[in-house]
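Note that this is a predicted model, so its numbers are computed, not measured.
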Amino acid sequence: MKVRHSLHNHRFHHTHHAHVSAISQTSSSSTNNIPQHCHHHSYYLHLLRSCKHLNPLLQIHARFNSITNPSLILWNSMIRAYSRLHQFQKAINLYHRMLEMGLEPDKYTFTFVLKACTGALDFHEGVAIHQDIASRELECDVFIGTGLIDMYCKMGHLDSARKVFDKMPRKDIASWNAMISGLSQSLNPYEALEMLWTMQMERVEPDYVSILNLAPAVSKLKDVDSCRSIHGYVVRRCIYGVVSNSLIDMYSKCGEVNSARQIFDQMQAKDDVSWATMMAGYVQYGCFFEVLQLLDKMKRKNMNKVSIVNALLAAAEMRELEKGKEVHNYALQLGLMSDIVVATPIISMYAKCGELSKAKELFLSLEGRDLVAWSAFLSALVQAGYPGEALSIFQEMQHEGLKPDKVTLISLVSACAEISNPRLGKMVHCYAIKGDMESDISTVTTLVSMYTRCALFMYAMKLFNRMHYKDVVAWNTLINGFTKYGDPRLGLEMFHRLQLSGIQPDTGTMVGLVSACALLDDLDLGICYHGNIKKSGFESGIHVKVALIDMYAKCGGLSSAENLFHLTKHAKDEASWNVMIAGYLHNGCANEAISTFIQMKLESVRPNLVTFVTILPAVSCMSALREVMAFHACIIRMGFISSTLVGNSLIDMYAKCGQLSYSEKCFHEMENKDTISWNAMLSGYAMHGQGDLALTLFSLMEETNVHVDSVSYISVLSACRHAGLIQEGRNIFQSMCEKHHLEPNMEHYACMVDLFGRAGLFDEVLNLINKMPAEPDAQVWGALLGACKIHSNVKLGEVSLHHLLKLEPRNAAHYVVLSDIYAQCGRWTDARRTRSNMIDHGLKKSPGYSWVGAHKQEVQKKPIRITKLYNHLEVLKQKQHEVNSASGLIKFAFQKAPKNELDSSFFNSVLTVNHGDTRIGAVKRGIPCWGEERLQGCVVKQAAIVDTSNEIEGDEDVPRVGTGRERRKQAPNRNYAPEALGANPTARRGV
């Protein structure tokens with residue numbers, strides 16, 4: 001007996017009406033023409049064999065009742081005919097009527113009636129028939145034994161099935177296949193693989209049904225090696241056809257979607273199941289763009305319900321409204337809108353694409369909508385950012401007399417947690433209490449998770465403490481909630497309570513503990529927990545390894561993180577790669593992060609949304625515009641451009657690369673902006689000194705009721721201080737408390753100190769510092785020190801340095817700034833003393849640098865002569881005393897050094913030259929020049945500035961460099977389009 005694989009359920013058999021009609025007419029006419037005197041059994045057997053539909057069978061049954069003493073063969077044929085037409089209960093009734101008439105069933109009777117019991121899922125009847133079989137000693141019959149195995153497996157009684165299987169002295173391929181099918185659906189699918197190996201050891205050759213029945217086990221285990229072994233067996237035995245669809249399904253569920261696609265492309269004849277299985281695999285793996293590509297390629301006749309549903313899911317995630325409408329129209333043509341399974345994703349698609357009125361119209365017109373449809377629509381509304389509409393639908397659901405079950409509530413609470421909407425979550429909690437669902441552990445655990453994610457820890461703890469029984473999942477929810485959204489120390493404390501409760505922790509617990517160590521930056525504690533994880537045997541879990549890699553990378557143990565990462569060579573998933581990329585970025589290794597991303601692609605691991613959100617900051621650190629645009633193109637290609645997270649990263653990335661117009665384009669094209677999107681654009685305006693644009697955008701935020709947070713104020717205040725907008729900055733700072741009820745933190749105070757200090761308003765600066773609710777931190781005093789340097793305020797500079805040395809004693813930059821202030825005032829002795837103190841403390845200011853892009857045509861054709869630079873430097877030094885006046889002021893903030901010292905560290909401090917109306921430069925750090933070849937071929941387009949103005953004008957051997965903005969002013973007709981930039985960035989230290 002062949003056991004059909006569950007994948008067959010996806011197929012839709014469209015029976016031709018003409019064919020149905022012909023069979024019906026033939027069977028009907030045959031029965032009507034039966035002579036009254038003709039009761040030959042062979043004639044009825046012939047009719048039963050040709051009977052394909054219920055009505056002819058009922059007519060035969062009516063004539064069957066008039067037969068005197070029908071034979072056992074005729075009874076068996078009638079039972080079999082009803083089973084084949086899925087009239088299982090009628091088949092069982094016939095069996096009992098046969099027994100009442102005193103007929104003894106044979107092995108064929110039992111085979112057919114067991115099939116009927118299996119179809120009807122009538123376990124008690126099946127057990128009774130099994131007892132009858134055992135009393136007749138027919139259990140060892142291969143057909144009956146296979147029927148019993150199939151029945152017990154499909155009813156979930158694997159132990160009974162295994163007992164029957166082990167008793168059978170002879171097993172054919174159908175017996176093995178039935179047992180494999182049952183074990184594949186069990187809690188331990190690995191037993192199905194063992195059964196296949198045992199089958200081969202007993203020299204029984206697996207057939208295509210064996211492969212189909214084994215597929216669910218391989219998919220559950222996500223065992224790529226077993227999947228490849230089965231694939232090899234299929235190739236060697238040339239078993240193709242429906243097995244190819246099963247291979248696509250297995251590879252997809254094992255995470256090898258590229259291998260699945262290769263099999264799909266190699267198929268000569270693709271049916272509707274092939275297309276649907278490939279689309280389902282892509283959806284499961286998050287490849288929504290590829291799903292829509294398949295939708296364009298496939299012919300509409302190959303679409304079935306499964307492919308329609310998956311295409312709708314992809315269109316919803318990609319926010320492709322037009323594609324979604326196409327699929328909707330095709331579903332209408334097929335008449336599938338009455339099917340809840342199809343109608344629900346259509347409604348969700350419209351909701352997620354912003355067509356709320358259309359979604360609501362379709363939902364309210366949907367007949368027979370059940371709790372699943374209500375839950376899906378509610379979840380889609382909340383995820384699309386319509387919590388108010390979700391509440392309205394929830395209330396309408398109650399008005400219609402439908403009582404949400406725990407699945408509906410869990411779906412709604414989870415959606416509330418996703419968008420951090422505690423108000424709606426509390427209302428659902430109230431309903432759960434009224435509906436007496438608070439005793440359900442899964443519902444309460446979801447509520448605890450929602451409260452922790454909304455930072456309402458008091459509510460979470462009260463709810464948790466009221467739980468009568470707390471399983472490890474509930475404990476893990478609280479531990480991870482405190483770790484991610486609250487105080488990690490409380491998460492560790494909850495772990496100690498878990499240990500005292502006697503409940504054994506699991507891998508989820510370990511992940512929460514390791515994450516807490518990472519957030520606390522406590523490497524020693526993390527190592528201790530790592531030891532406990534090894535002892536407990538949890539280290540093999542991929543999620544635990546990912547958490548350990550993350551912990552080591554964030555706590556300064558990058559080499560340990562790398563070792564763990566390479567140890568997971570054969571089991572690395574996207575999460576492992578993502579956390580390693582993030583670890584490199586956390587440690588300032590942008591190059592290594594990008595190299596890891598490239599290696600990830602080479603190993604055929606598909607980047608997901610988190611990958612791109614993680615890697616984009618690394619790309620922005622490099623300021624390599626061509627690479628930035630390559631990543632942007634990749635994001636579009638892979639279908640992640642509609643993601644708000646990715647859009648926010650692109651805005652920030654282009655701003656950091658100097659392409660503010662591209663940031664604006666990304667911002668305006670975003671369909672679903674959140675507060676972070678607005679803040680990223682504000683930050684871009686701030687870093688580019690566009691104060692007026694930042695103020696306009698901030699005003700637009702307030703007018704359109706976009707939530708303004710503390711980060712928004714930091715960005716707009718930074719823009720004001722860069723642009724010198726004193727009154728505007730003062731007004732915005734005052735509106736924090738008055739309008740938005742936000743308490744300023746140290747970053748806000750530092751922005752205001754810098755704003756007032758740059759303008760020389762030191763009285764306001766001191767007044768602000770004195771009014772601060774807490775002691776100023778290093779960034780506040782650092783801002784004041786920088787302002788003192790601009791205005792040569794030695795007294796306040798000394799006070800600032802005094803506080804800074806207490807807060808950041810190992811920061812050499814503070815000594816350098818005060819030394820420069822002394823030098824500006826002509827106090828050379830104090831300047832040298834300050835520098836000497838810095839050196840005595842073992843401090844050294846690290847050189848600054850900038851990444852710049854280079855046009856190939858702008859590369860220097862001949863080496864720069866370093867001696868000419870030294871000659872010009874000497875000229876400037878000689879003119880120091882001559883032009884030390886208001887119109888021609890040269891300020892040096894470096895110690896006089898012998899020529900050989902200048903050879904090894906060219907300009908070790910800040911040089912600012914003003915000569916007439918020409919701004920000559922601001923060099924923060926010199927480039928170590930060890931010879932003529934050091935600067936050969938070096939091109940600078942932005943960042944550090946050196947310009948010897950009229951002194952060296954016309955000399956082609958001396959570079960003229962400036963900030964990107966100043967260079968564009970000098971050469972307004974130059975093409976700075978991204979496509980004109982070279983592929984490789986060049987590092988240039990501040991010259």
Side-chain angles (χ1 to χ4, degrees), residues 1-10 79-80 83-84 86 88-89 91-92 95 107-134 138-202 204-221 223 226 230 242-243 246 249-250 253:
M1 181 179 62
K2 294 183 180 180
V3 182
R4 297 182 64 86
H5 182 243
S6 61
L7 189 62
H8 288 208
N9 293 331
H10 292 165
I79 294 170
R80 183 188 184 193
S83 292
R84 285 169 58 185
H86 302 287
F88 303 115
Q89 194 57 52
I92 295 170
Y95 168 74
K107 62 180 183 179
Y108 299 108
T109 313
F110 287 122
T111 301
F112 300 145
V113 77
L114 283 173
K115 184 177 181 181
C117 292
T118 304
L121 295 177
D122 193 338
F123 178 70
H124 295 294
E125 185 67 35
V127 170
I129 293 172
H130 185 188
Q131 290 173 351
D132 196 11
I133 290 169
L138 293 175
E139 270 185 310
C140 295
D141 181 85
V142 66
F143 294 105
I144 294 176
T146 302
L148 286 168
I149 293 167
D150 185 45
M151 179 189 72
Y152 282 125
C153 285
K154 288 182 176 177
M155 294 186 188
H157 293 267
L158 293 176
D159 291 339
S160 301
R162 193 61 182 260
K163 286 177 182 178
V164 174
F165 182 81
D166 292 338
K167 283 182 182 179
M168 293 174 64
R170 185 176 67 85
K171 310 175 185 73
D172 64 0
I173 185 67
S175 310
W176 289 97
N177 289 344
M179 199 67 233
I180 290 172
S181 176
L183 293 173
S184 291
Q185 306 293 342
S186 68
L187 295 177
N188 186 11
Y190 189 77
E191 291 182 0
L193 293 174
E194 289 181 337
M195 183 63 67
L196 182 73
W197 297 332
T198 306
M199 172 183 174
Q200 291 177 294
M201 292 295 290
E202 295 195 11
V204 180
E205 192 77 12
D207 60 2
Y208 79 95
V209 179
S210 312
I211 305 301
L212 293 175
N213 291 347
L214 192 66
V218 178
S219 299
K220 282 182 182 179
L221 293 169
D223 190 345
S226 295
I230 293 170
V242 291
V243 177
S246 189
D249 187 52
M250 279 192 288
K253 290 177 179 175

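Side-chain atoms of Ser175 and Asp172 form a donor-acceptor pair, as typed in the model, at a separation below 3.5 Å.
Of all the heavy atoms in Pro169 and Cys140, the pair that sits closest is CD-CB, 3.6 Å. Looking at every heavy atom in both residues, Ala217 comes nearest to Pro189 through CB-O, 3.5 Å. Gly145 and Val164 get closest at one heavy-atom pair: O-CG1, 3.8 Å.
With Phe165 as the aromatic partner, Lys171 meets the cation-pi criteria of under 6.0 angstrom to the ring centre and within 45 degrees of the ring axis.
Under a 4.0 Å N-O distance rule, the pair Lys154/Asp150 qualifies as a salt bridge.
Here the CZ-NE2 distance, from Phe88 to His86, works out to 5.5 Å after rounding to the nearest 0.5 Å. Considering NE2 of His157 and CE of Met151, their distance stands at 9.0 Å, rounded to 0.5 Å. Note: Leu138 CG to Ile144 CD1 = 4.5 Å, rounded to the nearest 0.5 Å.
For residues 123-134, every residue pair satisfying the salt bridge (charged side-chain N to carboxylate O under 4.0 Å, His left out) rule, not counting sequence neighbours, is listed here: Asp132-Arg136.
Heavy-atom neighbours of Phe123 CZ from other residues, nucleotides or ligands within 6.0 Å: above the threshold of 12. Dense packing is recorded around CG of Asp166, with more than 12 heavy atoms of other residues, nucleotides or ligands lying under 6.0 Å away.
Remark: the backbone N or O of Gln185 is paired with a side-chain donor or acceptor of Lys220 at under 3.5 angstrom. Under the 3.5 Å distance criterion, the side-chain polar atoms of Ser186 are matched with a main-chain donor or acceptor of Leu183.
The side chain to side chain donor-acceptor pair (under 3.5 Å) search around Ser210 returns Asn177, Asp207, not counting sequence neighbours. The side chain to side chain donor-acceptor pair (under 3.5 Å) test applied to Asp122 returns no partner, not counting sequence neighbours.
Ile230 pairs in a side chain to side chain contact (heavy atoms under 4.5 Å, CB included) with only one of the listed residues (Leu214, Val243, Asp223), which is Leu214.
You'll find the side chain of Tyr152 stays beyond 4.5 Å of the side chain of Lys163, heavy atoms only.
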